[in-house]
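Notes for the one structure printed next.
Predicted model only: the values in this text are computed from it and were never measured. Protein chains get the first letters and strands the later ones, always in sequence-line order, with residue 1 at the start of each.
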Amino acid sequence: MDVDKCIACGTCADKCPQKVDDEYNERLQKRKAIYVPYPQTVPLKYAIDPEHCIFIKKGKCGACEKFCPSGAINFKDMEKEITLKVGSIILAPGFKSFDPSQHDTYGYANLANVITAIEFERILSATGPCMGHLVLPTEFNKPHPTGPKKIAWLQCVGSRDMNRCDNGYCSSICCMYAVKQSLMAKDHSATPLDCAIFYMDIRTQGKDFDRYYENAKKKGVRFIRSRIHSIAPVVGTDGLLLRYVEEKGASVEESFDMVILSTGIEMHPDTITLSKRLGIDLDHYHFVQSDSFHPVATSVPGIYACGAFTGPKDIPQSVMEASAAACSATERLAEVRDTQTKKIETIPERDVSREPIRVGVFVCNCGINIGGVVNVKEVVKYAMSLPNVVYVEENLFTCSQDTQDKMTELINEKGLNRVVVAACTPRTHEVLFQETLINAGLNKYLFEMANIRNHDSWVHANDPDAATKKAKDLVRMAVAKACLLSPLQEMGLPVTKSALVIGGGIAGMTAALSLARQGYPVHLLEKAESLGGHAKRLYQTFKGESIASFLEDLIREVKIEDRITVHMNTTIAHVDGFIGNFNTEIETTSGKKRIEHGVAILACGAKEYQPKEYLYGEHASVMTNLDLDDLLKIEDPRIKQAHNVAFIQCVGSRDETHPYCSKVCCTHSIKNALEIKKRNPEANIHIFYRDIRTYGVREDLYREARKQGILFFRYEPNEKPIVRHDGDSVQIAFKDHVLDRTLSIHVDILCLATAIVSYHDQGLAQSFKVPLDSDGWFLEAHQKLRPVDFANDGVFVCGMAHYPKPIEESIAQAQAAASRALTVLTMDSIKVGGVTAHIESDLCSGCLACLNVCPFKAITFNHRKGVAEVNQALCKGCGACIAACPSEAAVLMGFNNKQLYAQIKAAFAA
Amino acid sequence: MTKGKQGSVMVVGGGIAGIQAALDAANSGFYVYLVEKSPGIGGVMAQLDKTFPTNDCSM
């Protein structure tokens, strides 16, 4: 397949006689042997599946080649080996879903209504086999499916399981996706749907996850703490019978219409082979063997890894690691930056201000997408009759590369100075056509699109006459607006090539070092009198590495790095400016100082919750995990002398004041419990918990703890353990759920796994025009895809200022923030202008309506002139101020009122 | 070329992690070869219906 020639018209797939299981839809439906995996595939080019192509297998057929209108198919093409020389390699091979067909007990292979979670995603999806309708697999081909009434999710299939498979780790993502799927399923179901999730521990430790879980409970999703042993068919029906034991021992049988296996993740055999070939060390679960302080490094210098390959993780964590890997992989290459990238040649722009208006219209058939419904020839003829139109052309595919070259020629040959394309949507194609205008020496804003596909041929497929009439209307409207378009200018503002990092903990120091090593000066601010932050008190990572020695090295590296200026005992007084051009006033012990910087990274950390409960501060035996770390570090004799030790989890977390999980405390407590056990094997250790959240490979610690006889007792938030003074020790009374009675123990050390709480730093947030969420964490631009960015460009977040997290995640996020900051610092200039708002000061009454609606804080009030003003660098052209302005003083460039009124007038002019 | 160093990076895998790594490396001045074994990028995320917490379409 010649991807330059393929125009993705779909004729080849229509003509291909070979049907194949569609892996994108988890084999729930068929595709052809020539295919695009899904409609939005990038690149949108058809591919031949050599395993199933009849021509490749048997030398006969070739239908696709015969019917391809652009000659893109070439069966003589051979596999090629290409050698690339690269500076470094980033491995992001992803994961495969666990295959449950090897578990006969779940009957996945022979019970149709037992499916995997990824199959359920496809069933729910609008582009899936059921077009988004909730349908039982046994009803797929029925004309009137009733859909399920009861669905069960079974957690930990292929995870936390050393009996039926070797995946001892927690896959980290399944609890959250099961909760999401249960809510989605309820939404998709026309009738009330019963959803039950069978689980061991609900692990919703991510940002906002616990709220989502609590919300699911409120919406009636049932959470049942039990691991289902097997699924049996209900004889004579398609139903499925689950047997489980309730916590108090009663045996229950319940039938469901559908069972979804929350399958875990594992490494693909190909990934393991690739790692062996590259010499990369993998751990016992085949994830990359890495240390906590270099989370994206592998054992081979120059090769980095990210995503599920370094351990089970969700999307935001994968995105963070990906950015971190980009930063780490290019650190050694900073001196050869920009040596292999290609500079785009700029063509001088033609001055059209004195030319008469000459509109060119290009009408697209989009294969049969438009041409099969709309009479394109008639539309072409009609367009020719419109005022100012001097040239009209019909294209089979206006978007193909050869058409772009031809358009460039025509613009010059016919002297066109406004271009209208009647085709599909500007959302996907405007940028492409604008580039063609630039190549022809026209300002890219002298362009307008009429969407005669999505708005016309698709929705009026059954009425070709009306569709043709509407296509004419849309073209007339677009031409009317195009005649009034004028060139818009984009200005380049210089970028201050230095960074400000706020916070001298592990995250801040890591971000500062990354940027410095990439060649950029950094100002590192710390409010305290020493670097290190809370990590100074931590003892070891979950992998057992010493945090103190790492921290010592990190601080030394920061201090000797020439490009880092450390400002101790310093706070932010005032921030001016925007991306590329910040000017910040800092307050130090020696007075105020101004710093110019192009980017800012907020790494100001979080703090330990100070408990008011469980006799903390009242009894010497009661301490927090940080206090216990101190004792472990100094080898305090109390550790070896203790007979009984207890930990209470979720102290200050997952309650009304802090309705989130602090993420690190389960692991911290278990790690410390194991350390006590190591030094004092006779000690009896008790851990009181709500859900044990040792996600990922941390699960090994939990298993080890149970093996070593550490006892785990679950408590409900309404029946918390009660702690009382008892001389030198404390007494803990608690409810044992298995025995269903209250027990009590006396302990020498009671460690409280306290919450991590935010500083709620509203002042800093306002200074940088970034939001805080209701728990006081800095709120990123997008929780999934932009986990370290803010809507205010040029400002980034990392570490615990974003949310509680362990060290390796803080370091990855810090490197990610540096990576994102580099995309700004390496720019020659910041482009401002184009489609932005402008306020006519003569018309502005100073009512501030625009200022209050602007989501980007781009509008300020000029007190001297009494009018509002738009900062072009901050404006994103959303148009909110235009709609809010009562006196039409706000104008959106490229969408001004005159242009829009002309378009509306043209709509009614037929 | 300084000491024979290459100003380019190869990213293996075109899922959400590979795409983000490729974008960041390219946007900070390095030529990127993004290698993917299937005919399209997107990986497992492209198969998901909606994503938490906004319930956005994963496309």
Which answer fits [X], side chain, backbone, both or neither, if we ask what part of it has an atom under 4.5 Å from a heavy atom of chain B?
| X | answer |
| --- | --- |
| Met320(A) | neither |
| Asp49(A) | neither |
| Thr41(A) | side chain |
| Glu23(A) | backbone |
| Thr826(A) | side chain |
| Ala126(A) | backbone |
| Lys207(A) | backbone |

Is the distance between the ring centroids of Phe52(B) and Phe209(A) less than 6.0 Å?
yes
Measuring only between side-chain heavy atoms, which start at C-beta, is [X] closer than 4.5 Å to [Y]?
| X | Y | result |
| --- | --- | --- |
| Gln20(B) | Arg820(A) | yes |
| Gln783(A) | Thr51(B) | no |
| Lys45(A) | Pro39(B) | no |
| Gln6(B) | Leu333(A) | no |
| Met45(B) | Leu785(A) | yes |
| Ile118(A) | Leu48(B) | yes |

Which portion of Phe30(B) sits near chain A, non-hydrogen atoms under 4.5 angstrom:
both
Backbone of Lys50(B) reached by a side-chain donor or acceptor of Lys180(A) within 3.5 Å
yes
Give a yes or no on whether the backbone of Arg332(A) and the side-chain of Lys5(B) come within a donor-acceptor separation of less than 3.5 Å.
yes
Contact residues of residues 85-93 of chain A (partner chain B; heavy-atom separation under 4.5 angstrom):
Lys85(A), Val86(A), Gly87(A), Ser88(A), Ile89(A), Ile90(A), Leu91(A), Ala92(A), Pro93(A)
Looking at Gly7(B) and Thr339(A), what are the two nearest heavy atoms and their distance?
CA-OG1, 3.8 Å
Report yes or no: do Gln47(B) and Glu26(A) form a side-chain donor-acceptor pair below 3.5 Å?
yes
